[in-house]
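Here the structure is a predicted model, which is why all the values come from computation and not from measurement. Labels below follow one simple rule: chain letters A, B, ... track the order of the sequence lines, proteins then strands, and each chain is numbered from 1.
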Protein chains: 2
Amino acid sequence: MATIGDVARVAGVSRSTASYALSGKRAITPAVRAKVEEAVRELGYTPNAGARALATSQTRVLGLLARFLEDEFAPAMLQYILGVTDEARRLGYDTLLVSEEDGVRALQRLANSRMVDGFVLLNVAERDDRLGVLREARQPGVLVGLPERTSGVDVFDLDFVATGRLMVDRMHELGHHELILVSQPEHVVERGGAYVWRLANAARERAAQLGIGLHTYFGSSSQPSIGQDLNGFLDAHPTATGLLLNNEAAAAALPSVLAARGLRIPEDISVIGRYSDDFARTFSLPFSSIDSAADELGRAAVQQLVARIEGRIAAGAPNIVHLISPEIHERGSTAAPREILDQSG
Amino acid sequence: MATIGDVARVAGVSRSTASYALSGKRAITPAVRAKVEEAVRELGYTPNAGARALATSQTRVLGLLARFLEDEFAPAMLQYILGVTDEARRLGYDTLLVSEEDGVRALQRLANSRMVDGFVLLNVAERDDRLGVLREARQPGVLVGLPERTSGVDVFDLDFVATGRLMVDRMHELGHHELILVSQPEHVVERGGAYVWRLANAARERAAQLGIGLHTYFGSSSQPSIGQDLNGFLDAHPTATGLLLNNEAAAAALPSVLAARGLRIPEDISVIGRYSDDFARTFSLPFSSIDSAADELGRAAVQQLVARIEGRIAAGAPNIVHLISPEIHERGSTAAPREILDQSG
DNA sequence: ACGGTTCATCGAACCGGTTCGAGGCTAAGG
DNA sequence: CCTTAGCCTCGAACCGGTTCGATGAACCGT
């Protein structure tokens with residue numbers, strides 16, 4: 001493989017001149033630059049990444065730390081990952097994907113060995129044990145997921161508090177008085193998936209303000225148990241007219257559960273979900289839903305990270321916490337409850 | 001950050017001695033080795049990956065080239081990716097994930113810049129344009145997916161020919177005479193997804209040998225169109241008693257389609273699918289199926305790749321093509337067709 | 001007591017880039 | 001014609017590891 005020394009020899013200049021001609025960091029006579037570029041083309045020269053990293057202390061690689069929790073819906077993670085890798089590539093970076101269970105060790109390994117210029121952490125827990133290491137690392141880090149303490153890192157997440165409120169508000173506007181909220185399994189919460197109770201608490205609070213009855217439940221993360229769960233919830237609250245879903249498996253299972261019970265949407269029951277649009281598309285879920293915005297979050301996180309890496313953000317600039325506002329993607333699964341329709345009709 | 005020079009100074013030895021003490025490539029007095037190790041601990045020393053790569057020409061990083069085709073079921077890809085990253089990590093390697101659309105350019109970039117020690121290509125097409133570059137690269141490569149020409153690379157894939165035969169054989173043993181095969185969308189085949197027609201052709205051939213009627217169709221990759229497709233196929237062949245699925249979306253959609261038509265499994269119709277067990281679990285698909293073995297394939301591919309990288313495979317050793325034999329994971333969705341039961345009952 | 005091994009350690013070179021300071025050349029100005 | 005400034009280019013050092021050959025000390029047998 002050609003080195004910059006080969007390029008220099010072929011172009012008839014010194015190594016340093018070749019380097020400057022390619023980097024443009026010093027003025028080079030056009031004729032010389034042309035000779036160097038010609039030599040590069042002739043030899044098929046590409047800089048050796050290791051050598052460059054050693055000399056510049058920059059690898060142009062980002063570390064992406066995914067965390068796969070059992071009982072969580074894994075495919076959803078792919079959207080975040082692709083958002084990150086695509087945006088990173090667009091900005092000239094490659095992505096090292098780490099799925100190691102021991103995220104702390106992985107983080108230390110990558111940080112100390114200087115393999116990456118920065119970190120993206122996915123699926124961040126309320127008290128994520130990776131954060132301590134990340135704050136001490138010399139490389140900047142961004143999180144996708146909101147932890148308890150956000151100092152020293154930039155954070156991107158869906159605004160789950162606003163999401164909980166929005167779900168209840170929308171149902172309230174339509175005239176519903178009794179709702180059921182199905183969250184992720186309790187395990188997910190215990191292991192730090194704070195977004196689950198953040199949404200649930202906000203929904204509960206808003207429901208209380210509005211005088212709405214809200215029954216909150218954890219649901220399983222896979223069939224067939226989630227189907228049984230759903231039937232149980234519906235049996236327990238026959239007068240509930242609205243269903244809020246913060247659980248992908250529940251969303252996937254609901255159509256057949258409703259069909260089996262002979263319930264139509266939105267005539268008999270209104271539904272609002274929270275999952276990725278991509279998920280909705282693949283399974284053609286007929287529910288109005290709030291997009292998890294995985295792709296958008298991944299991209300925004302990378303942009304911020306790269307800006308920090310490249311020093312485009314003042315060293316002392318405060319860290320940001322960017323929460324994306326939820327929007328309901330309308331698919332016609334909400335309507336006024338039957339009792340209202342009956343009165344008005 | 002501590003360098004090996006710092007370690008050497010603290011331990012009171014030369015840099016080379018420190019290096020040998022850590023690598024074990026030359027004999028070192030136990031006492032000296034202990035001092036070096038103590039210094040490492042004290043300073044929190046970790047070798048600089050770039051410097052090591054420069055000196056050894058080894059990065060201990062694998063390049064993972066994913067290819068996301070539209071109309072293909074993306075979440076399935078995650079299983080392969082995790083199989084690769086986990087196994088790589090187990091063997092001491094990290095994984096650079098590339099999702100770039102221009103796989104050829106990505107491959108060239110990584111190969112020439114010496115960022116990786118080897119390549120894993122996912123979703124390999126019949127005539128994959130990445131293969132030419134891969135064969136010329138100095139780094140070894142393994143494929144997950146069987147292309148037309150396999151020279152110069154190791155290949156791992158599910159045996160789709162055997163899969164097609166197995167599906168038909170099993171139905172034949174049960175006494176079925178007319179089957180419907182639903183494949184991936186035609187787009188997937190056109191873009192080189194040869195496994196689709198490999199399975200279909202094998203099934204067709206075996207059906208002909210056995211005197212079984214086989215209707216083969218392409219199906220859409222998402223709802224609701226795949227639901228309409230399925231209804232159309234069933235309408236067109238009311239006497240067919242068995243359904244073979246080589247299309248994830250079809251598998252996901254089938255339960256509700258069958259429910260709507262009032263068909264029970266396996267009493268009214270037998271079904272055999274081909275998708276990942278993980279997919280089956282998440283959606284609790286009630287069909288006997290042949291696992292795509294994504295995790296297993298990813299792991300086997302990495303093992304082979306690492307063996308080549310580390311020279312544990314003789315330089316002249318021929319390339320291998322490892323096709324995993326399909327196995328039907330029984331979930332009770334197959335039985336003898338009604339006509340037989342009626343006769344015997 | 002002495003030459004020949006063996007063993008542990010050291011110094012220097014090298015991997016392939018980047019970057020700093022120095023110096024040569026040309027052109028402008030007195 | 002000589003000085004000075006400015007523009008390009010070069011040589012050397014450095015980043016942080018690994019590895020080869022050399023060196024010196026300890027140990028062996030005779």
Pick base, sugar-phosphate or nothing for A:T56, based on heavy-atom distances below 4.0 Å to the nucleic acid.
sugar-phosphate
Pick base, sugar-phosphate or nothing for B:T29, based on heavy-atom distances below 4.0 Å to the nucleic acid. sugar-phosphate
When rounded to whole Å, the NZ to C1' distance for the pair B:K25 and D:dC20 reads 13 Å
Here the distance between atom C1' of D:dC10 and atom CD1 of A:I28, to the nearest Å, is 10 Å
Show me the side-chain donor-acceptor pairs of residues 22-32 of chain B shorter than 3.5 Å, one per line, residues at least two apart or across chains.
| unit_1 | atom_1 | unit_2 | atom_2 | d |
| --- | --- | --- | --- | --- |
| B:S23 | OG | B:S19 | O | 3.3 |
| B:S23 | OG | B:K25 | N | 3.3 |

Would you say the side chain of [Y] lies within less than 4.5 Å of the side chain of [X], judging by non-hydrogen atoms?
{"X": "A:V144", "Y": "A:V142", "result": "no"}
{"X": "B:I324", "Y": "B:H322", "result": "yes"}
{"X": "A:I309", "Y": "A:Y93", "result": "yes"}

Students should find that the nucleotides of DNA chain C closing off the region near chain A, any atom under 4.0 angstrom from a heavy atom, are C:dG16 to C:dA22
Of A:R26 and A:G50, the one whose nearest nucleotide on DNA chain C sits closer to the 5' end is A:G50
Sorted by position of nearest nucleotide on DNA chain C, 5' first, the leading residue of B:A18 and B:S57 is B:A18
Ordered by number, residues from residues 7-17 of chain A within less than 4.0 Å of DNA chain D (heavy atoms) are A:V13, A:S14, A:R15, A:S16, A:T17
Contacts satisfying salt bridge (charged side-chain N to carboxylate O under 4.0 Å, His left out) that involve residues 36-53 of chain A (not counting sequence neighbours) are A:E38-A:R41
Electrostatic pair B:R90:B:E87 at N-O distance under 4.0 angstrom = yes
- [ ] Answer yes if the side chains of A:T3 and A:N48 hold a donor-acceptor pair under 3.5 Å, and no otherwise.
- [x] no
| task | Would you kindly say whether B:N319 and B:S151 are connected by a side-chain donor-acceptor distance under 3.5 Å? | result | no
**Message:** Applying salt bridge (Lys or Arg N to Asp or Glu O under 4.0 Å) to B:D6 and B:R9, what does each step give before you reach the verdict?
**Reply:** CA-CA 5 Å; B:D6 300 329; B:R9 191 171 339 103; 3.0 Å; yes
Counting only distance, no hydrogens or angles, is the base of D:dC10 paired donor-acceptor with the side chain of A:Y20 under 3.5 Å? no
**Asked** Around atom CZ of B:R127, are there more than 12 heavy atoms of other residues, nucleotides or ligands at under 6.0 Å?
**Response** no
May I have the list of side-chain donor-acceptor pairs in residues 102-118 of chain B shorter than 3.5 Å, sequence neighbours left out?
| unit_1 | atom_1 | unit_2 | atom_2 | d |
| --- | --- | --- | --- | --- |
| B:D102 | OD1 | B:V104 | N | 3.4 |
| B:D102 | OD1 | B:R105 | N | 3.2 |
| B:R109 | NH1 | A:D94 | OD1 | 3.1 |
| B:R109 | NH1 | A:D94 | OD2 | 2.5 |
| B:R109 | NH2 | A:D94 | OD1 | 3.4 |
| B:R109 | NH2 | B:E100 | OE1 | 2.8 |
| B:N112 | ND2 | B:Q108 | O | 3.4 |
| B:S113 | OG | B:R109 | O | 2.8 |
| B:D117 | OD1 | B:T59 | N | 2.8 |
| B:D117 | OD1 | B:T59 | OG1 | 3.0 |
| B:D117 | OD2 | B:T59 | N | 3.2 |
| B:D117 | OD2 | B:R60 | N | 2.7 |

Taking five pairs at each terminus, the helix from C:dA1-D:dT30 to C:dG30-D:dC1 shows an axis bend, to 10°, of 60°
